[in-house]
Amino acid sequence: MTPEPNFTVKELMASFISHQVRDGERVAVGAGLHVPRAGILLAHLLRCPNVRLYVVMTFTSLLKEPRMEPFYTVYDNRPTKWAEGYVLHDDFQEDPRLVSDTFVVGALQIDKFGNSNLIGVGKDYKHLQFRGPGAVGTLSMAHYVDRYYLFVQSHDKRIFVDKCDFISTVGWGEGGADGRSKLGIPGNGPVYCVTPLCVFDFDETSKRMRLKSLHPGVTVEQVIENTGFEVIVPANVPTTAAPTDDELETLRGRIDVEGMLRR
Amino acid sequence: MTPEPNFTVKELMASFISHQVRDGERVAVGAGLHVPRAGILLAHLLRCPNVRLYVVMTFTSLLKEPRMEPFYTVYDNRPTKWAEGYVLHDDFQEDPRLVSDTFVVGALQIDKFGNSNLIGVGKDYKHLQFRGPGAVGTLSMAHYVDRYYLFVQSHDKRIFVDKCDFISTVGWGEGGADGRSKLGIPGNGPVYCVTPLCVFDFDETSKRMRLKSLHPGVTVEQVIENTGFEVIVPANVPTTAAPTDDELETLRGRIDVEGMLRR
Amino acid sequence: MLASERKSLVIDLDAAAATVRDGMTIAIGGFINSSHPMALVRQIIRRGVKNLTVVGAASGGLDLDLLIAAGCVKKLVTTYMGGEHYCPVAPFFRVAAQRGELDIFECDEGMFYCALRAAAQRLPSTPWKAGIGTSFPQINPEIKVYNDPVSGEPMLAIPAIKPAIALIYAAQSDAYGNVQHVSTGFGDRAMWRAADKTIAQVERIVPNEEIRKNPLATSLVGVDAVVRAPYGSHPFAGPGYYIEDSDHIREYVAAGNAYAKSGDRKPFEQYLKKYILDPPTYEDYLEVVGIKRLLQLHEY
Amino acid sequence: MLASERKSLVIDLDAAAATVRDGMTIAIGGFINSSHPMALVRQIIRRGVKNLTVVGAASGGLDLDLLIAAGCVKKLVTTYMGGEHYCPVAPFFRVAAQRGELDIFECDEGMFYCALRAAAQRLPSTPWKAGIGTSFPQINPEIKVYNDPVSGEPMLAIPAIKPAIALIYAAQSDAYGNVQHVSTGFGDRAMWRAADKTIAQVERIVPNEEIRKNPLATSLVGVDAVVRAPYGSHPFAGPGYYIEDSDHIREYVAAGNAYAKSGDRKPFEQYLKKYILDPPTYEDYLEVVGIKRLLQLHEY
């Protein structure tokens, strides 16, 4: 039997996300999603001193901050104490790439090509079974950034569907390596989809979702059972890399001081 | 013989322009043109305490300023000491009407319908006889403002032509009361054209230029001789109203302290 | 003979709310649980205004949900209707949308600002590329697909949306409508530019000299009217002054969820009566909330 | 194990100028006789760069005229080429335009910012209404007339113009590219947004802590490189530091007018030799101007 890991799945996901950040980029910290937020800050503190963090409509660097004071929202004024400069909310439409080079997109539904839906569930737009919150800025950010990541807090067949009822953010469209370019959509699209069970990537040719790694203790069968489309499963599926001690220390001591990721 | 007036033609023109400003409006002070600038400030100090003056990309009120410190340019940083707020130069394209409700347009050429040209003189754009400075912002401002005024510092047949070689700012197009609306251009277009000899307005039906008033000592013949198109001359042409003593006192004591309008 | 003094643009809350009439298109500033002109919003509800087209903030929130719950809204222009960690989807919005009782101009933040910018620029539409390949052109028939005249590639034309009035919350203004937000002001400038008229509801009215000390902070250079309402964004945050009132927001969300989950409107009717219909004035609303609670909400 | 310190973006003048290569599209910030990155402009001339497409400021000025005079410019994108009261039309521009030796993207300020915004927004074009009924669609064939997809009315499509590099003058920056202008910064933000890379030439490099004291003043939040050059806008104004050098501008205009009126390029060649080609470094240029003269140009 595998020993109980000394980290939570949320910490694991944060560690994985932290390795997607590249030094020198602009990175929007969507504070509402605690796990991606922690991952981005972790990258900044450990490997990426030159990222420009977009926090509550300010840009900043937090290298010298001993602990990230809690901020749970994208509207809280308190983090603006760290500001080096402001970029207003409507400025994002003037130049999406000045806000962020990469982005994390959540969803009500995600299909096998990484298209996602925040509009609602149901066949008739005028009479939805479940009305979602709306696209927020995901549509435009995901269109313009260099690349983006899908992230969900639960993994089941309601979320992972064969076909989204509505598409609010394009992944690989109807599939294929030219799935985006033939629609005239720039950027490298969704790279990974991070769930509490596993990480998906996309098959290079078909751009269908493929199992990239399983979180510790999760089986291929569990993923297949909880996914509403056929998952590409390679012969060998590694385990998602555990957070290092350095990462856990920094996460717990400086970023997730209140333990949101340990609950 | 008429007694020598106690004011200059520039002061007369400034007084006339001051009466075109309406209280509560936003008014861009194009500092390069001294006469319109003086006229706008005169209106502000005497009749229009609530105009918002756009001065060197700031908005301000100058009611409490005992004397307008000299500023001859639209780029001088010193008048920003009066700022109540900034509106950046590129913001003007976001909302031209937030910059100004009215505007003054200068020109190399003006035709009988009030169309004007800052591009150049000559038939072949690639080989102009005289290349002008360019349209600056006149095209867009004149398009969007409620109404505008043409202003020239000299009055001759090179300026007042039957047809502009190029049109950088539309007046009444090819004429007629629907000369603007049939092009889909909003606003009330050019209202008056102020010259060192006279003031023109526009015939209500044809929208051709018409003599509205003659400056003191100027004859109808002088205007006709120096204008390259046929001027509509009403039966009675009044003399342009002289600046009042109040106006002259305020102009000379608070606005045109260095006497630019007296030279 | 000199011009008289500048005219004060300060008006009272009811006079401001009275400018909003049935069927109008209005914009409401702020961002999710922060910076909404709630004193004005409550007064609009008290006045029983109907059939509004509300251009909510990008992103909007429970301020708009309250207007929907109170029956004021016919059509909504917003990109997000939730309360972040308080509730993933605004409850009255959710029900009204699911029943098809609400017209929605479905858009994301990029498109939202395209629509406001087109209005500000006096253009019939502005282009946006993001959205090609999504469901937006289908679910929002006001958005047109066309080919760019320069490159020939398919584009979306986002139509201008021009609010007759923008209602903005900010920290302070002078009597002449020079408004200063604390921090970013979110997308409020875009609403100000787009709207025919803007009314700013502020925590403080300060002397013009105060504004001139930091003109760079003037976020809206000249609004049309100013209303003073301290704690006026409550229960939402007022940047620089107070954080949001979590308990109050949870009380509202609980009332909303009772309706969304079991069709029981009573808890909301009680909320409406207690906080909006019964208190005769804005100050009485603050009395109901209680000075002790208000003083607990300090930002630091 | 923590990340190392942030990397300084400060580079020297020649390294900055060397990023501008033959045939590139570059933007140059400022406004008429103020706020041009002249240390960089002179270094570009010294390096003999050719065939530039220069997106001059709206409105541009004698900085661009100097680049034309020195033979660096193939195409110009600007709305105005003059020196205001020093000269109504920039002399070398005038001659080159009259001879058809210069490609001009003829536009007004509204169109100019449309082109930059389209680049920033990654759109092939953005619409503008003003210009219908004028000669612009004829004299600038890159501007297309089309019908708005929503209203059907005729519109102008202004094509995106994307500078590879924007060269901006500002008062100060930290070592990490957080730039603060004094006062408005004119249209420099629009160039920064549109360009692939931005280099800021500043009077002072200040500690990051100084920037954080007034983040609202940060006009360009993150440029790609920073160059220190005190008095670096000379002979033009540096807001907050010095006014323009009228005598020097008149000297340039006189040299330009000699050429424009009688074809005599000698006075300009002397100017070029004295101020640009002969001084081996930027500091030597300031020596030629003279510290006494520089100190006379204080803003107040």
Side-chain angles (χ1 to χ4, degrees), chain A residues 31-32 34 56-58 72-78 80-81 83 86-94 96 108 115 117-120 122 124-144 164-170 173-174 179-180 182-186, chain C residues 30-35 57-61 78-82 84-85 88-90 93-95 97-100 104 106-114 116-117 128-136 138-139 153-154 182-190 236-237 239-240 243-244 299-300:
Chain A
H34 301 310
V56 196
M57 290 149 217
T58 71
Y72 301 127
T73 75
V74 284
Y75 57 81
D76 192 338
N77 187 54
R78 288 170 292 183
T80 63
K81 66 187 172 189
Y86 290 98
V87 169
L88 304 183
H89 195 240
D90 55 308
D91 283 341
F92 130 81
Q93 184 238 10
E94 296 228 27
L108 299 171
N115 304 302
N117 172 14
L118 278 165
I119 295 164
D124 177 1
Y125 173 70
K126 288 284 177 190
H127 295 89
L128 294 167
Q129 288 168 253
F130 181 83
R131 168 70 218 199
V136 209
T138 56
L139 182 162
S140 295
M141 288 307 300
H143 179 97
Y144 286 109
C164 292
D165 292 335
F166 302 94
I167 294 175
S168 54
T169 298
V170 182
E174 301 187 13
R180 291 175 67 83
K182 72 183 169 196
L183 292 168
I185 303 175
Chain C
F31 190 68
I32 311 185
N33 294 319
S34 181
S35 306
S59 296
T78 185
T79 68
Y80 168 85
M81 280 295 291
E84 234 199 9
H85 54 295
V89 187
F93 162 77
R94 206 183 105 193
V95 174
Q98 287 170 187
R99 290 191 185 152
I104 300 171
E106 193 84 38
C107 60
D108 102 316
E109 291 170 354
M111 296 164 166
F112 180 88
Y113 289 118
C114 281
L116 288 182
R117 171 165 286 144
W128 199 235
K129 182 72 186 172
I132 292 282
T134 70
S135 304
F136 280 82
Q138 284 80 54
I139 62 182
E153 63 187 294
V182 165
S183 298
T184 79
F186 304 113
D188 288 358
R189 278 176 187 80
F236 305 111
I243 59 171
E244 79 269 24
E299 195 178 88
Y300 279 94

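So that the names make sense, note that chain A is the first sequence line, chain B the second, and so on, each numbered from 1.
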Tell me the closest heavy-atom pair linking Gly187(C) and Tyr113(C), and the distance in Å. CA-OH, 3.4 Å
Can you tell me which portion of Phe130(A) sits under 4.5 Å from chain C's heavy atoms? Options are side chain, backbone, both or neither. both
May I ask you to name which of Val136(A), Val170(A), Leu128(A), Asp90(A) has the most heavy-atom pairs under 4.5 Å with chain C? Val136(A)
If you measure from NZ on Lys129(C) to CD1 on Ile185(A), what distance do you get to the nearest 0.5 Å? 7.5 Å
Go through the atoms of Ser168(A) and report whether side chain, backbone, both or neither lie under 4.5 Å from a heavy atom of chain C. both
Cut-off 4.5 Å, heavy atoms of chain A, and the answer for Arg99(C) is backbone
Heavy atoms only, distances under 4.5 angstrom: which of Gly122(A), Gly134(A), Pro133(A) has the most pairs with chain C? Name it, please. Pro133(A)
Does any donor atom in the side chain of Tyr75(A) or Asn33(C) lie under 3.5 Å from an acceptor atom in the other side chain? yes
Shorter than 4.5 Å, heavy atoms on both sides: which option in Ala190(C), Ser183(C), Gly240(C) has the most such pairs with chain A? Ser183(C)
Using a 4.5 Å cut-off on heavy atoms from C-beta on, say whether the side chain of Asn117(A) contacts that of Asp165(A). yes
Proximal component of Pro186(A), with respect to chain C [non-hydrogen, under 4.5 Å]: neither
Criterion side chain to side chain contact (heavy atoms under 4.5 Å, CB included) against Ser59(C), the qualifying member of Thr79(C), Thr78(C), Asp108(C): Thr79(C)
Note: vs chain A, highest number of non-hydrogen pairs under 4.5 angstrom among Phe93(C), Trp128(C), Phe112(C), Phe236(C) is Trp128(C)
Would you mind checking which part of Pro88(C) comes under 4.5 Å of any heavy atom in chain A, side chain (CB onward), backbone (N, CA, C, O), both or neither? backbone
As an exercise, state the distance from NE2 of His89(A) to CZ of Phe31(C), rounded to the nearest 0.5 Å. 4.0 Å
In Å and rounded to the nearest 0.5 Å, what is the OG1 to CD distance from Thr73(A) to Glu244(C)? 6.5 Å
Working to the nearest 0.5 Å, report the span between CD of Glu174(A) and CD1 of Ile167(A). 7.5 Å
Is it the side chain or the backbone of Gln138(C) that comes within 4.5 Å of chain A heavy atoms, both, or neither? neither
Honestly, the part of Ala58(C) sitting under 4.5 Å from a heavy atom of chain A is both
Check each atom of Phe166(A) against the heavy atoms of chain C and say whether the ones under 4.5 Å are side chain, backbone, both or neither. both
For chain A, which candidate among Gly82(C), Ala237(C), Ala90(C), Cys114(C) shows the most heavy-atom pairs at distances under 4.5 Å? Cys114(C)
Based on non-hydrogen pairs under 4.5 Å, which of Leu88(A), Thr58(A), Asp91(A) is most in contact with chain C? Leu88(A)
Would Glu106(C) and Tyr125(A) count as a side chain to side chain donor-acceptor pair (under 3.5 Å) if you check the C-alpha gap in whole Å, the side-chain angles of each, and the deciding distance to 0.1 Å? CA-CA 11 Å; Glu106(C) 193 84 38; Tyr125(A) 173 70; 2.3 Å; yes
Pair Glu94(A)-Arg117(C), salt bridge (Lys or Arg N to Asp or Glu O under 4.0 Å): steps then yes or no: CA-CA 10 Å; Glu94(A) 296 228 27; Arg117(C) 171 165 286 144; 3.1 Å; yes
Just verifying a value: how many Å separate Asn77(A) CG and Ser35(C) OG, rounded to the nearest 0.5 Å? 8.0 Å
Part of Ile104(C) lying under 4.5 Å from any heavy atom of chain A: both
Residue, of Arg94(C), Met81(C), Arg189(C), that accumulates the most heavy atom pairs under 4.5 Å with chain A: Arg94(C)
In terms of heavy-atom pairs under 4.5 Å with chain C, the winner among Gln129(A), Arg180(A), Arg78(A) is Arg78(A)
Side chain / backbone / both / neither for Ile243(C) at chain A, heavy atoms under 4.5 Å: side chain
Just give me the residue among Cys164(A), Gly132(A), Pro96(A), Ala142(A) that pairs up with chain C most often, heavy atom to heavy atom, under 4.5 Å. Gly132(A)
Working to the nearest 0.5 Å, report the span between CD1 of Ile32(C) and CG of Asp76(A). 11.5 Å
